[in-house]
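Below: one structure, written as structure tokens.
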Amino acid sequence: MNLPPSDDLFAAPEPAGLLKNLNPEQYAAVTAPPEPVLILAGAGSGKTRVLTTRIAWLLQTGQASPGGIMAVTFTNKASKEMLTRLSTMLPVNVRGMWIGTFHGLCNRFLRAHWKLAGLPQGFQILDASDSVSAIKRVIKAMKLDEERYVPKQVSWFIASAKEDAQRPQDIEAYDEQSKTLVAIYQAYEDQCQREGVVDFAELMLRSYELMRDNAAVREHYQRRFQHVLVDEFQDTNKLQYAWLKMFSPPALRRGVFAVGDDDQSIYAFRGARVGNMADFEREYRVGGVIKLEQNYRSFGNILDSANELISRNSKRLGKNLRTEAGPGEPLRVYEAASDFAEAQWLIEEAQALHRQGLRRQEIAVLYRSNAQSRVIESALFNAGIPYRVYGGLRFFERAEVKHALAYLRLLENPNDDTSFLRVVNFPTRGIGARAIELLQDAARLSGRSLYQSVGAVAGKAGSNLLAFTSLIDSTRNLTQGLTLREIIEQILESSGLAEFYRNDKDGAERLENLGELVNAAEAFVTREGFGKDAVALPVDELSPGAISAGLPAAVAPAQETLGRPESPDSPLGGRTTQSVGLGGRRVTPDAETGEIMSPLAAFLTHASLEAGDNQAQAGQDAVQLMTVHSAKGLEFDAVFITGLEEGLFPHENSLTDPEGVEEERRLMYVAITRARQRLYLCFSQTRMLHGQTRYNVKSRFFDELPEAALKWLTPRNQGFGSGFAKEYQDSWSRGSGLKSVVGAGRSAEKPSYEAAPVPRSMKAAAAEKVAAEFGGLKVGKGVFHTKFGEGVLMTLEGTGQDARAQVNFGRHGMKWLALAVAKLTPID
DNA sequence: GGGTCGCCCATTTTT
DNA sequence: TGGGCGACCC
């Protein structure tokens with residue numbers, strides 16, 4: 001029943017164009033029968049191409065209609081990419097397809113079924129920080145100790161519970177602390193419900209529960225989506241997998257196309273379960289896993305290194321990347337004396353690459369943790385090299401933008417206490433902590449929102465509060481019928497927000513961002529097609545009977561949704577929903593009334609689900625700085641992996657359990673496979689961390705790479721001797737992917753490689769003075785221990801019998817040793 | 001109500 | 001070392 005009548009197949013346009021240039025594995029994946037399929041897609045193996053071609057092929061061969069397809073990704077970026085690529089392949093109307101992020105699709109689903117899901121129609125979405133502040137309020141209201149119940153940790157607890165599909169009543173709590181946590185969870189849930197808001201995890205969980213508990217809805221969607229495609233399957237958490245099974249249960253054996261790479265699973269810390277891949281294979285009785293191992297990105301040495309490294313992991317589905325591109329250049333390894341010298345070296349190297357014609361944006365500097373970026377940034381800054389750091393504050397997360405959004409939310413839903421509290425006294429209007437406390441007490445007593453309780457506060461504070469709510473009310477009235485742009489401009493003025501930043505001496509940039517917010521709204525309206533004529537309710541043929549029943553009783557048979565040229569987007573299937581005046585993708589109309597969200601409500605949702613760009617000043621050709629995590633999915637001609645030191649990468653917090661080390665190794669695997677042509681690995685003997693100098697040993701990962709693929713620019717045991725410069729120059733002449741740079745006239749440009757002296761803080765100098773009393777042991781120098789082998793001395797403390805040393809033995813970890821007992825001998 | 005001081009903390013992050 | 005946050009003071 002998954003296939004249309006055979007003559008439809010023959011009538012379909014020749015799909016050969018789509019399938020051209022696919023390798024055999026890609027071809028097999030794209031044209032796999034409409035059954036559960038698992039694609040093991042290696043880095044750079046054309047995964048996105050396979051996914052989008054699969055969709056295009058399904059459509060073109062008539063095996064699916066746009067309305068019968070759901071494709072899920074994790075990031076907005078990935079889903080946009082999919083849509084863009086798809087539209088270049090086919091003149092397809094993408095609006096009937098459910099292509100989006102897990103959360104985006106859940107939002108769409110809940111917007112359509114808000115009533116059945118027990119939500120208010122205009123529910124708004126809390127982002128992570130909104131959620132933490134909401135939890136903070138709960139903890140305060142419960143008069144609990146914030147030291148003991150840290151809002152951030154509680155937030156993590158709640159989100160984790162939700163991601164395990166657990167409601168408060170499902171959690172077994174025995175000790176006091178856990179019981180209280182569950183009580184907070186419950187209170188938070190009540191509060192969110194009262195205020196008409198949901199957090200990210202709630203979007204998923206509510207959708208899941210509605211599917212689980214409502215047979216009519218479940219059957220409808222199960223019939224509708226003949227094809228479900230999932231990207232980055234290794235990153236799915238327990239709830240996401242369960243959610244998926246609701247939409248396409250194993251028993252139905254529908255076309256579930258799961259694509260993932262277990263070797264690139266690096267999000268266990270936020271609940272991702274690589275095990276879902278194996279579970280999927282088993283539960284869906286996947287016939288044969290298709291492996292995409294042909295790599296189109298990197299040269300052989302890079303891939304050999306990646307393969308060799310990842311082969312050390314025990315739990316793998318098994319996969320080996322290969323290329324036809326030849327070995328390329330060796331991986332260049334550099335040992336620096338200090339983090340400062342490391343930064344200095346890499347920017348000189350980057351400059352040299354740039355002089356050879358490589359664009360700066362093709363050069364990425366990767367690090368394990370954000371703190372490492374500072375020294376690199378300052379070196380780049382001092383050298384006047386443009387750079388871009390990923391991972392900062394995103395547009396919709398900026399304080400001024402969030403303030404403006406809070407006002408807008410209050411227009412939409414005045415009972416949103418989070419927003420109320422955010423702006424009730426910003427800009428200041430004489431409403432102090434005391435007044436707010438009184439207001440909260442009153443609200444709590446009556447079980448109503450803050451907004452509804454302003455009348456209960458007497459005196460000056462009360463009248464100030466009243467002034468605030470009437471400001472909101474009058475702006476709401478004033479903006480009836482205005483465009484979104486006009487609404488925002490109006491609230492910025494009437495709230496005094498714009499005025500505040502105009503008067504603030506440092507407000508220029510914030511004012512600019514508010515202007516940017518107006519632009520973003522304008523762009524959103526244009527993109528989503530909220531034209532003037534879009535106000536009319538666009539649903540026809542909607543049966544009132546179904547509405548009053550409160551259930552999608554009139555669910556259309558699957559055949560109705562299948563095979564139609566223009567499949568309806570209505571979540572209720574066969575009925576015709578017309579999107580009069582709504583060009584492009586539009587917001588799903590309500591399933592029962594067909595009502596479309598107001599542009600304002602839609603924009604607020606958009607702002608919550610897509611926090612915007614997180615990179616600074618785009619546009620300029622700049623070196624890219626980011627953590628290894630944020631590099632996932634990206635690729636660059638040249639990549640520097642920095643700080644390859646024990647304790648940093650692999651990170652010390654991951655060393656306690658083998659699973660942790662394996663995840664670090666996968667992280668390294670991701671880092672390596674980002675590079676197309678050149679890969680640099682570097683580490684430093686000393687590093688300033690948390691204001692203290694740390695002495696690190698090189699990462700174990702160096703021992704896990706094929707020696708033949710590496711080129712040590714600083715030969716070990718040779719120090720920074722005179723032979724080094726020659727050695728180094730040799731490595732330049734071997735370029736294969738890049739223009740050769742060796743030759744007359746270049747020597748002047750050649751980076752200099754004097755080892756920078758280790759910068760010594762006062763502390764380090766003092767420690768060394770003490771070291772004289774420890775039989776030649778010196779902080780920062782090597783030591784030998786009969787059991788643990790070689791290590792680096794980190795700290796020396798105490799005297800006589802109490803004398804002790806802290807030694808970093810790398811693989812054996814950091815140890816404290818009593819010098820009276822342990823035999824430590826200095827080496828070097 | 002706003003500004004300053006001092007304390008505490010310190011992988012990785014998308015929605 | 002430096003950012004974020006709460007307490008405290010004017």
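Letters A, B, ... are given to chains in the order of the sequence lines, protein chains preceding strands, and every chain is numbered from 1.
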Between B:dT14 (C1') and A:Leu393 (CG): distance, integer Å: 15 Å
Taking the side chain as everything from C-beta on, heavy atoms only, tell me whether A:Phe500 gets closer than 4.5 Å to A:Leu511. no
Measure the shortest side-chain to side-chain distance between A:Ile99 and A:Met70 over non-hydrogen atoms and say whether it is less than 4.5 angstrom. no
Between A:Leu689 (CG) and C:dT1 (C1'), how many Å, whole number? 9 Å
Using heavy atoms to find the nearest nucleotide of DNA chain B for A:Ile431 and A:Ala201 separately, return the residue whose nucleotide is more 5′. A:Ile431
Non-neighbouring partners of A:His651 that pass ring pair (Phe, Tyr, Trp, His ring centres under 6.0 Å), sequence neighbours left out: none
Atom pair distance, as rounded to whole Å: CD in A:Gln124 and P in B:dT15: 18 Å
Atom CD of A:Glu146 to atom P of B:dC7: distance rounded to whole Å? 20 Å
Classify the nucleic acid contact of A:Leu366 as base, sugar-phosphate or nothing, counting any heavy atom under 4.0 Å across all strands shown. nothing
Nucleotide N/O of nucleotides 2-6 of chain B paired with protein N/O under 3.5 Å:
unit_1 : atom_1 : unit_2   : atom_2 : d
B:dG2  : OP1    : A:Thr428 : OG1    : 3.1

For A:Val697, does its backbone N or O pair with a side-chain atom of A:Gln685 as donor and acceptor, under 3.5 Å? no
Span that lies between the C1' atom of C:dC5 and that of B:dT12, in whole angstrom: 23 Å
Below 4.5 Å, heavy atoms only, C-beta onward: do A:Asp199 and A:Ile125 meet side chain to side chain? no
Apply salt bridge (Lys or Arg N to Asp or Glu O under 4.0 Å) to A:Arg502 and list each qualifying residue two or more places apart in sequence or on a separate chain. A:Glu493, A:Glu499
Those residues at least two apart in sequence (or on a different chain) that pass ring pair (Phe, Tyr, Trp, His ring centres under 6.0 Å) with A:Phe74 are A:Phe102
Is the base of B:dT12 syn or anti, where syn means the angle lies within 90° of 0? anti
Which atom pairs, donor and acceptor, lie under 3.5 Å between side-chain atoms of residues 148-156 of chain A and protein residues at least two apart or in another chain?
unit_1   : atom_1 : unit_2   : atom_2 : d
A:Arg148 : NE     : A:Gln177 : OE1    : 2.7
A:Arg148 : NH2    : A:Gln177 : OE1    : 3.3
A:Tyr149 : OH     : A:Thr180 : OG1    : 3.2

Just the rounded figure in Å: distance from C1' of B:dT14 to CD1 of A:Ile125. 14 Å
Under 30°, 30 to 60°, or over 60°: which ring-plane class applies to A:Phe396 and A:His606, parallel, tilted or perpendicular? perpendicular
Any non-hydrogen side-chain atom of A:Thr642 less than 4.5 Å from a side-chain atom of A:Leu366? no
Pairwise C1' distance, C:dG3 and B:dT14 [rounded to whole Å]: 23 Å
Does A:Asn76 reach a base, just sugar-phosphate, or nothing at all? Heavy atoms under 4.0 Å. sugar-phosphate
Distance in angstrom units between A:Leu110 CG and B:dT15 C1', rounded: 14 Å
Summarise how protein sits on nucleotides 8-13 of chain B as a single string, 5' to 3': B when a protein heavy atom is under 4.0 Å from the base, S for sugar-phosphate-only contact, - for no contact. --BBBB
Identify whether any heavy atom of A:Ala128 sits under 4.0 Å from a base atom; if not, whether one sits that close to sugar-phosphate; answer base, sugar-phosphate or nothing. base
Tell me what A:Lys136 touches on the nucleic acid: a base, only sugar-phosphate, or nothing, going by heavy atoms under 4.0 Å. sugar-phosphate
In whole Å, what separates the C1' atom of C:dG6 from that of B:dT11? 25 Å
Atom pair distance, as rounded to whole Å: CH2 in A:Trp243 and P in B:dT15: 15 Å
Separation of atom CD in A:Gln372 from atom P in C:dT1, rounded to whole Å: 18 Å
